[in-house]
Amino acid sequence: MKKKVIGIVSGIVVVCLCIGGYFYFDYQHQQKIIDSISLEFNDMNQVEYGQAVSAENFIKSTNGEIQYQETVDEMKVGKQTLKFIVKKEGYTKEFTYECMVKDTKAPVIILTKTKDQIKYGGKFDITKYIKSIKDPVDGDLTYKKENEVKEGDSNYYTYHNDIDTKKPKDYKINIIAVDKNQNKTEKTLTITVLKEDKSQPTTSSTTPYVSKPNNKVIVINPGHQARGNNAKEAIGPGSSKTKAKVTTGATGVSSHKTESQINLEIGLKLKSELQARGYTVVMTRTSQNVNVSNQQRAQVGNQNNAAAVIHLHCDSSDDSRVTGAHTIAIAKNNPYCPQLYEASSSLAQKVIQSYCQATGIRNRGVSYRNDLTGLNWSQVPAIYIEMGFLSHSREDQSLASSSFQQKCAQGIANGIDQYLR
């Protein structure tokens, strides 16, 4: 009996040893496979903020199958730990990889210009100099007043402004942009406040212009010239706004005559017509080969104390069907010579009515503007007359015709007669 018990116990021990051995060697086999699973990473451990990166970009090689991989949050600056799970022969192994998301791109400030001048007593407007202020990833930054900026604020731009337009000197405007991740960009805008120009005539008078009795001096300005001059001049006394001194003008679609030539031909006929009626006529130019700016042409009228200045022009349009003539006078709120509004408006109305009656051209009326140098610098009544459209074939041919030009001159002279009656 005793021997039987011993045999049974021995058998159980042997079985247990076999089972234990199996599990031991099986575990060793599993561990060997798990240990053999490899995942090698690249050296790319830094990611640019906002740059989309796939998890595969971090992996150099592996001897198993990627079962799971975490992606980097490229919109979150700082260290990030990514988890990867690799499977081989039914077993898996977890790997981790640390990467850093960094924002190395500062905001971009684009200005329309970095230097400018403004007149004494003028108005400084920062918005005219800012084309865009934005972060390459997060887009446009929000403006914040300098006194409202607090430590730690982000995603804004501001500027320091101490300009006093009544203290002439150079001012440095420091524009600061801070993005979401505290990257900062600064740019300087230099504004020069000009000295007060006391030589310019005052433009504050609103007392209506009163013509001198029996004044028979008329200044004729045939608009444009053979070659333009793109150098800039102020559009009015003391103005910071500038325009080209004089342009070449349009060209006839059928006649191929330049506007400057047609203006001169009609101007010379108008001179003869007015002289025959007893007027004293002064021309701003009598040939094509001149270089006279619009400001200088206005000064001719001022220097001769003219009863009226007539600026001769022709129109043009992208639409070849457009026809007609119109006159232009200063608007009632003109900031340079408002005292001339009533007289100039009356002159413009009289001239366009008689001109269209004499020529048969459609009457487009009177328009009022404050952006024409030849009118803004005037100290005597002055108007522009757009005598017709060179972009319209029939009207162009008429304006290029000597006999029709004589009608134009007579019509304008009739209007001057009526104005000075």
Side-chain angles (χ1 to χ4, degrees), residues 208-209 211 218-224 249-250 252 259 262-271 273-274 277 279 281 284 294 297-298 301 306-317 319 321-334 337 340-376 378 380-392 394-401 403-421:
Y209 169 84
S211 62
I218 304 297
V219 169
I220 300 172
N221 171 41
H224 306 289
E259 179 189 350
I262 292 174
N263 294 341
L264 181 58
E265 291 172 358
I266 295 175
L268 292 172
K269 289 180 174 63
L270 177 58
K271 175 186 177 183
E273 181 68 28
L274 289 171
R277 300 186 187 197
Y279 288 95
V281 179
T284 62
N294 290 321
R297 295 172 193 232
V309 179
I310 309 296
H311 296 268
L312 302 175
H313 284 269
C314 296
D315 236 327
S316 185
S317 171
D319 186 346
R321 298 169 298 178
V322 178
T323 64
H326 74 284
T327 49
I328 305 170
I330 59 168
K332 194 171 186 177
N333 63 345
N334 184 278
C337 48
L340 299 176
Y341 167 72
E342 291 183 7
S344 296
S345 179
S346 175
L347 175 62
Q349 292 173 33
K350 296 290 194 301
V351 168
I352 194 59
Q353 289 170 4
S354 60
Y355 175 82
C356 291
Q357 286 173 359
T359 61
I361 287 182
R362 184 167 72 94
N363 189 339
R364 295 170 63 90
V366 180
S367 60
Y368 296 89
R369 293 168 56 176
N370 289 333
D371 62 336
L372 297 176
T373 307
L375 300 185
N376 293 337
S378 189
V380 294
I383 63 167
Y384 279 43
I385 177 169
E386 299 284 355
M387 298 178 288
F389 281 81
L390 299 185
S391 51
H392 185 274
R394 176 171 47 79
E395 213 153 83
D396 167 41
Q397 291 173 357
S398 295
L399 289 165
S401 161
S403 59
F404 188 84
Q405 290 176 354
Q406 189 60 47
K407 292 181 181 179
C408 296
Q410 291 170 351
I412 296 171
N414 292 342
I416 294 172
D417 280 345
Q418 294 172 24
Y419 168 70
L420 292 176
R421 188 172 297 160

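All values derive from a computational prediction rather than experimental measurement.
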Contact check, side chains of [X] and [Y], non-hydrogen atoms, under 4.5 Å:
{"X": "Y368", "Y": "K332", "answer": "no"}
{"X": "F404", "Y": "I361", "answer": "yes"}
{"X": "L375", "Y": "Y384", "answer": "yes"}
{"X": "D396", "Y": "S391", "answer": "no"}
{"X": "V219", "Y": "V380", "answer": "no"}
{"X": "R364", "Y": "V322", "answer": "yes"}

Nearest non-hydrogen partners of [X] and [Y], listed with the distance:
{"X": "K271", "Y": "V281", "value": "CG-CG1, 3.7 Å"}
{"X": "I266", "Y": "C408", "value": "CG2-CB, 4.1 Å"}
{"X": "A325", "Y": "C356", "value": "CB-SG, 4.4 Å"}
{"X": "S317", "Y": "F389", "value": "CB-CE2, 3.8 Å"}

Pair [X], [Y]: side-chain N/O donor-acceptor within cut-off below 3.5 Å:
{"X": "N414", "Y": "R277", "value": "yes"}
{"X": "Q349", "Y": "S345", "value": "yes"}
{"X": "D417", "Y": "Y279", "value": "yes"}

With a 3.5 Å cut-off and sequence neighbours excluded, list the donor-acceptor pairs that the side chains of residues 308-316 form with protein atoms.
| residue | atom | partner | partner atom | Å |
| --- | --- | --- | --- | --- |
| H311 | ND1 | N221 | ND2 | 2.7 |
| H313 | ND1 | H224 | NE2 | 3.3 |
| H313 | ND1 | E259 | OE2 | 3.4 |

Donor-acceptor under 3.5 Å (S378 side chain, G374 main chain):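 Looks like no, no N/O pair under 3.5 Å.
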
Can you name the one residue among I383, N363, I412 that meets side-chain contact (heavy atoms from CB on, under 4.5 Å) with T327?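 Among I383, N363, I412, the one meeting side-chain contact (heavy atoms from CB on, under 4.5 Å) with T327 is I383.
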
Is it the case that more than 12 heavy atoms not belonging to K269 sit under 6.0 Å from its NZ atom?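 Check passes, neighbour count above 12.
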
